[in-house]
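Naming convention: chains lettered A, B, ... in sequence-line order (proteins, then strands); numbering from 1 in each chain.
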2 protein chains.
Amino acid sequence: MAGRRDDQKGAGGGRCNCTALRKATRRISQLYDTALASSGLKSTQRAILAQISRSEPTTVGGLAQALVMDSGALAHTLKPLERDGLITVEVDPDDRRSRLIRLTADGRAKLAATDESWAHAQSSFEAAFGQVESDLLRQALQVLISDDFVSAFEKNLLANRQEPNDHDRSPQ
Amino acid sequence: MAGRRDDQKGAGGGRCNCTALRKATRRISQLYDTALASSGLKSTQRAILAQISRSEPTTVGGLAQALVMDSGALAHTLKPLERDGLITVEVDPDDRRSRLIRLTADGRAKLAATDESWAHAQSSFEAAFGQVESDLLRQALQVLISDDFVSAFEKNLLANRQEPNDHDRSPQ
DNA sequence: ATCAAATACATGCATATGCTTGCATCTTCG
DNA sequence: CGAAGATGCAAGCATATGCATGTATTTGAT
């Protein structure tokens with residue numbers, strides 16, 4: 001028990017679920033990114049291209065919802081992909097407010113080119129973490145992004161806001 | 001097997017562990033940020049202040065390791081906090097390469113002020129996701145950021161890189 | 001004491017994200 | 001048809017992050 005300033009490393013340093021998620025995401029993203037490095041795509045970009053390929057053509061809003069991100073943020077993120085000719089963004093003739101997003105031939109090729117690297121990262125993850133554990137983790141994460149979870153969270157948050165204590169809400 | 005294009009939404013849209021983590025992190029960060037909004041701190045900033053308070057004084061490198069982030073990135077992220085007078089960053093007299101990071105009185109007060117909001121978010125999360133499930137999730141995420149996991153992942157990645165197939169590595 | 005190697009950061013560059021605001025485009029209702 | 005309200009984005013602003021490179025220091029070996 002000598003020199004101990006960094007002991008919280010063992011203690012996990014706090015038990016905030018949000019922080020725990022962010023830490024894990026940083027680490028895993030880095031691992032996947034390293035695996036994808038040679039392909040020239042980041043894990044985030046691959047995720048976007050993959051999502052587009054699964055629901056092509058799609059819109060900014062639809063994509064944002066599928067990826068659980070802000071549409072404004074997504075609009076920014078799409079720029080590099082469009083600039084690099086991996087996707088096309090055009091006004092939807094049926095609703096000129098919307099944009100139709102599609103993969104270009106290059107985009108499709110790029111995505112295909114990353115398949116193998118991605119599969120390696122994914123299988124490495126599952127070999128290290130366990131197949132069953134990986135499935136359970138994804139299921140848990142899936143719950144977190146479900147509408148039900150969000151509703152329940154917000155409901156609890158509101159309830160708590162009223163009475164920090166615990167002795168029921170005054171009927172008043 | 002009717003209407004098929006957007007079904008992946010129900011299917012989770014791909015099974016990339018990295019993407020699943022990112023999605024969940026975005027959502028949960030948003031929920032925690034909303035809960036912390038009134039305090040003026042983002043969940044990321046609170047996480048940093050909290051970590052500093054747990055190992056004060058600390059260094060850029062130590063903090064980066066504890067938060068599982070790049071020290072360069074952390075240096076950037078500390079700027080706003082320093083600018084707002086929540087932390088101080090000074091050269092370590094014992095090793096002038098290092099910086100000693102500390103909370104200011106304001107920083108400590110700000111952190112304390114967010115305690116209640118954070119607790120509400122945290123308890124709302126656990127009420128919605130389940131106490132046991134929450135603990136298990138944090139444990140799982142804890143494993144993902146462990147050195148053992150990273151080592152195992154990289155070992156598998158390297159092995160895979162050699163032979164995409166599965167028929168063992170030649171004893172050479 | 002010196003110089004090469006290792007450290008600990010700081011910076012610049014690029015992407016990632018969220019929020020707010022403003023614009024263009026539907027929709028709806030009278 | 002015309003105006004109010006709802007939608008779908010784009011752009012600006014600010015923080016979050018990672019990586020590569022440059023700089024200041026400390027260490028280690030000679």
Task: Of all pairs that satisfy salt bridge (Lys or Arg N to Asp or Glu O under 4.0 Å), the ones with a partner from residues 138-154 of chain A, not counting sequence neighbours - done: A:Glu126-A:Arg138, A:Asp135-A:Arg138
- [ ] Tell me who clusters with B:Leu136, hydrophobic residues only, linked when side chains sit under 4.5 Å apart either directly or through other members.
- [x] B:Val132
TODO: May I have the distance from B:Met69 (atom CE) to C:dT15 (atom P), rounded to whole angstrom?
DONE: 19 Å
- [ ] Classify the nucleic acid contact of B:Thr59 as base, sugar-phosphate or nothing, counting any heavy atom under 4.0 Å across all strands shown.
- [x] sugar-phosphate
- [ ] Determine yes or no for a side-chain-to-main-chain donor-acceptor pair under 3.5 angstrom, with A:Gln122 supplying the side chain and B:Arg15 the backbone.
- [x] yes
TODO: Between A:Gln45 and B:Gln30, just flag the one whose closest nucleotide in DNA chain C comes earlier from the 5' side.
DONE: A:Gln45
Open item on the list: If the condition is side-chain contact (heavy atoms from CB on, under 4.5 Å), which residues does A:Ala127 pass it with, not counting sequence neighbours?
Closed with: B:Asn156
Open item on the list: Does B:Asp95 reach a base, just sugar-phosphate, or nothing at all? Heavy atoms under 4.0 Å.
Closed with: sugar-phosphate
Open item on the list: Among residues at least two apart in sequence or on other chains, which ones pass salt bridge (charged side-chain N to carboxylate O under 4.0 Å, His left out) with A:Asp115?
Closed with: A:Arg46
Task: Other cluster members, A:Ile145 - Ile/Leu/Val/Met/Phe/Trp/Tyr, side-chain contacts below 4.5 Å - done: A:Val68
- [ ] Mind calculating the distance between CG (A:Asp94) and P (D:dC9) to the nearest angstrom?
- [x] 13 Å
Open item on the list: Nearest to the B:Lys42 side chain among D:dT15, C:dT25, C:dG18, which nucleotide is it?
Closed with: D:dT15
TODO: Scan for salt bridge (Lys or Arg N to Asp or Glu O under 4.0 Å) pairs involving residues 57-84 of chain B, sequence neighbours excluded, and state none if there are none.
DONE: none
- [ ] Give a yes or no answer on whether the side chain of B:Thr114 reaches the backbone of B:Leu111 with a donor-acceptor pair at less than 3.5 Å.
- [x] yes
TODO: Any chance you could list the contact pattern along nucleotides 1-6 of chain C? Use B for base contacts, S for sugar-phosphate-only contacts and - for none, protein heavy atoms under 4.0 Å, 5' to 3'.
DONE: -----B
Open item on the list: Rounded to whole Å, please give me the gap between CD1 in B:Ile28 and C1' in C:dG18.
Closed with: 16 Å
Task: Nearest-Å distance for atom pair CG/C1', residues A:Asp70 and D:dA14 - done: 13 Å
Open item on the list: Would you say B:Arg22 places a side-chain N or O within less than 4.0 Å of OP1 or OP2 belonging to C:dT17?
Closed with: yes
Open item on the list: For C:dC9 and B:Ser98 - does any side-chain N or O of the residue sit under 4.0 Å from the phosphate oxygens OP1/OP2?
Closed with: yes
Task: Distance test, side-chain N/O of B:Arg26 to OP1/OP2 of C:dT17, below 4.0 Å - done: yes
Task: Position toward the 5' end of DNA chain D (nearest nucleotide), A:Asp33 or A:Val60 - done: A:Val60
Task: Whole-Å gap separating P (D:dT17) and NZ (A:Lys23) - done: 12 Å
Task: Stretch residues 73-86 of chain B: residues that reach within less than 4.0 Å of DNA chain C through a heavy atom - done: B:Ala75, B:His76, B:Lys79
Open item on the list: I want to verify a distance call: between D:dA16, C:dC9, C:dT15, whose nearest atom is closest to the B:Arg99 side chain?
Closed with: C:dC9
Open item on the list: Tell me the interatomic distance from B:Asp92, atom CG, to C:dC9, atom C1', rounded to whole angstroms.
Closed with: 12 Å
TODO: Please tell me which of A:Gly61 and B:Thr44 maps to the more 5' nucleotide of DNA chain D, matching each residue to the nucleotide holding its nearest heavy atom.
DONE: A:Gly61
Open item on the list: Output the rounded distance in Å from CZ (A:Arg96) to C1' (D:dA10).
Closed with: 15 Å
Open item on the list: Do B:Arg27 and B:Gln30 pair up side chain to side chain, a donor and an acceptor below 3.5 Å, judged on atom types alone?
Closed with: no
Task: Distance, rounded to the nearest Å, where B:Gln65 contributes CD and C:dC9 contributes P - done: 11 Å
Open item on the list: Quick test of your reading: applying ring-ring contact (aromatic ring centres under 6.0 Å, His included), list the pairs with at least one residue in residues 137-159 of chain A, sequence neighbours left out, ordered by first then second residue.
Closed with: A:Phe149-B:Phe125
